[in-house]
Amino acid sequence: MTTKYNNVYIEDTYTVCGNYENDGPLSEYFDLKHEKDLYFGEKTWEKAEVKLLKEAVDGIIDKKKIEEEDIDLLISGDLQNQIAASDYMARDYNIPFLGIFEACATSGEGLLIGSTFVESKNAKRVLVTTSSHNMVAEKQFRNPTEYGAPKHKTATFTATGAVAILLSNKKSKVRIESSTVGKVIDLGTTDVNHMGAVMAPAAGEVIYNHLKDTKRKPDYYDLILTGDLGIYGKDILKDYLMTNYNLDISSNYNDCGTMLYDIQKQPVFAGGSGPVCSGLVNFGYIYKEMLQGKFKKVLIVPTGAVFSPTFTFQKESIPSIANAISLEVVE
Amino acid sequence: MNKEKYKEIVSKNTPKEDTVKNGIIAFLVGGGLGALSELLLRLYCLLFDMPRKEAGVLVILTLIVIASVLTALGVFDVLVSKVKAALIIPITGFAHSISSSALEYKHEGLVLGIGTNIFKLAGTVILYGVVAVYFFGIIRLIIMGG
């Protein structure tokens, strides 16, 4: 399903990152950087993630000099069970709230829903936020954080941070031009250490459908950016689109997971992952470079493995989802 | 696209794990740890004038204490990522799995946190260790008469 928007603009964004992301090549694009540890003055990892989200919301409110009442709707999601980071963040704000979950594709889902509210004039301003925390994800999905079992080459590293995107009907430099809702795809991958292979077909399908619906060629966009496929998932996606649809996206395609960190020097294996991985790259680096005019049209495709460890233990393969959102510089 | 064809695309674009290299590292470091333990055993025998069997228990305790302290200091997981299974297979890995679980869940309280989760990883080893010992004990009894 592809929707075109005439009236949805990104008023501004605010990005918060942890120390690993601060050591990465895109550090200069982030608004608030934590350098010391991953607790950020809190007692537990879970509370630390709530703090990140609150810093993102406070950050954008301060940056735009607005009040909580000026925001009609807050949409947020994260990786914690019951999207707890978002829920516990939202209790401290006097803003109507929608909690959403599409794992690492959450920012895309949030933008889709937010854009619909703004386009239909039911909301003037919608704030979309998402977060992830490396240690929370390790504890919840893998082993205790201090255990540190050897990782596979194809494993990815959950990014730490939070991002807030303020959508508005007021004209600004970057607008959301269209979006395509993806389908849940499962091509039988069961390896939890190879999320790139799990998610590549979902990204491939939504990119193909978006281009077909809008009758565009890949080179219409300056960049097509998937969320967190990692270095191997990137190759799998290119191969998938070529084999299945004879579609070559290699000239302007990249993956946020391979851009957030210095993969050679940092201990991130195949690259970054987590909802905030694509969030930080898209709304730190890409958005700010769009303001500068480096990119004019960008298709962002946050990717998510929507799985439950319980189903994985019950030998089910892993479903995945991706949505495509077209960002455009307003001339 | 069918699942079989996709599997081919995935395996074509997925790197092989360095199992031989990892195995050699684990063998050398793990073997080194074994040799050091043997030295320690003989040292204990000499120092405390005790039989091998009793000194063995002391060696195991020493390794458990060292491993747990290294876990608490945040060093053990860094070492594991470098030397692979070398420190996980010996008793040090068992100690590490328990102490890292205890550390992880301390904020959820003594009962529902540490109590419930301390054997999260070690539980499997304990259960199947006991079951295996039971069966091997029976086999030993049949073959060697006790």
Side-chain angles (χ1 to χ4, degrees), chain A residues 37-39 42-48 135-136 138-140 142-155 185-191 193-202 204-205 208 229-245 267 269-270 317, chain B residues 1-19 21-23 25-26 67-68 70-89 93 95-109 113-114 117-122:
Chain A
D37 57 35
L38 290 171
Y39 279 110
E42 296 290 326
K43 278 223 160 98
T44 69
W45 307 125
E46 290 79 8
K47 289 178 190 169
M135 295 298 174
V136 174
E138 285 291 320
K139 179 176 172 181
Q140 187 173 303
R142 298 170 197 115
N143 293 318
T145 48
E146 280 302 328
Y147 190 65
K151 294 262 168 113
H152 293 245
K153 285 180 182 170
T154 50
I185 308 279
D186 185 345
L187 281 186
T189 309
T190 51
D191 187 356
N193 296 306
H194 198 351
M195 285 301 179
V198 170
M199 300 185 291
E205 287 302 311
Y208 171 75
L229 299 185
I231 39 179
Y232 307 110
K234 225 171 118 171
D235 290 337
I236 294 170
L237 172 63
K238 284 189 270 188
D239 205 341
Y240 177 84
L241 281 174
M242 213 46 208
T243 319
N244 226 6
Y245 299 115
F269 316 100
S317 54
Chain B
M1 179 174 283
N2 65 38
K3 291 181 177 177
E4 287 309 311
K5 200 163 174 204
Y6 184 62
K7 223 176 193 172
E8 278 172 34
I9 291 184
V10 171
S11 59
K12 204 170 82 188
N13 291 293
T14 299
K16 293 263 173 305
E17 294 294 329
D18 306 321
T19 38
K21 191 181 139 202
N22 291 350
I25 293 173
S68 299
L70 289 178
T71 307
L73 293 174
V75 179
F76 202 99
D77 57 330
V78 182
L79 292 177
V80 166
S81 66
K82 292 207 168 72
V83 301
K84 313 300 171 191
L87 295 176
I88 289 186
I89 300 298
H96 171 62
S97 75
I98 294 173
S99 44
S100 63
S101 300
L103 273 177
E104 187 81 331
Y105 292 96
K106 66 175 189 229
H107 294 294
E108 283 83 357
I114 296 178
N117 292 295
I118 192 162
F119 296 122
K120 205 175 177 189
L121 298 165

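It should be emphasised that the depicted structure is a prediction, and the values quoted were computed from it without experimental measurement. Proteins come first, then strands; the chains are lettered A, B, ... in the order of their sequence lines, and each starts at number 1.
The CG atom of A:Asp235 sits 10.0 Å away from the NZ atom of B:Lys12 when rounded to the nearest 0.5 Å. A distance of 11.0 Å separates NE2 in B:His107 from CD in A:Glu42, rounded to the nearest 0.5 Å. In this structure, the separation between CE on B:Met1 and CD1 on A:Ile185 is 11.5 Å, given to the nearest 0.5 Å.
Note: B:Asp77 leads B:Val80, B:Asn117, B:Leu121, B:Asp77 in heavy-atom pairs under 4.5 Å with chain A. The residue among B:Lys120, B:Glu4, B:His96 with the most heavy atom pairs within less than 4.5 Å of chain A is B:His96. Options A:Thr154, A:Thr44, A:Thr145, A:Thr243 differ in how many heavy-atom pairs under 4.5 Å they form with chain B, and the most are formed by A:Thr145.
Contact check for A:Pro150 versus B:Ile88: side-chain heavy atoms found under the 4.5 Å cut-off.
When every heavy atom of A:His194 is checked against every heavy atom of B:Thr14, the shortest pair comes out as NE2-OG1, 2.8 Å. Across every non-hydrogen atom of A:Thr189 and B:Tyr6, the tightest pair is OG1-CE2, 3.8 Å. Closest approach of B:Ser100 to A:Pro144, counting heavy atoms only: O-CB, 3.7 Å. Minimum interatomic distance between A:Lys151 and B:Glu17 (heavy atoms only, all atoms of both residues): O-OE1, 4.5 Å.
In this structure, B:Lys106 does not pair ionically with A:Glu146, as no charged nitrogen and carboxylate oxygen lie closer than 4.0 Å.
Residue-environment remark: NZ (A:Lys47) stays at or below the threshold of 12 foreign heavy atoms within 6.0 Å.
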Decide yes or no on side-chain contact (heavy atoms from CB on, under 4.5 Å) for A:Lys153 and B:Asp18, but give the supporting numbers first.
CA-CA 9 Å; A:Lys153 285 180 182 170; B:Asp18 306 321; 3.1 Å; yes

Show your working on side-chain contact (heavy atoms from CB on, under 4.5 Å) between A:Tyr147 and B:Leu103 and close with a plain yes or no.
CA-CA 10 Å; A:Tyr147 190 65; B:Leu103 273 177; over 6 Å; no

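Using a 4.5 Å cut-off between heavy atoms, B:Lys82 makes no contact with chain A at all. For chain B, the nearby parts of A:Pro201 are the backbone and the side chain; heavy atoms of each come within less than 4.5 Å. Residue B:Glu8 does not touch chain A at all, counting heavy-atom pairs closer than 4.5 Å.
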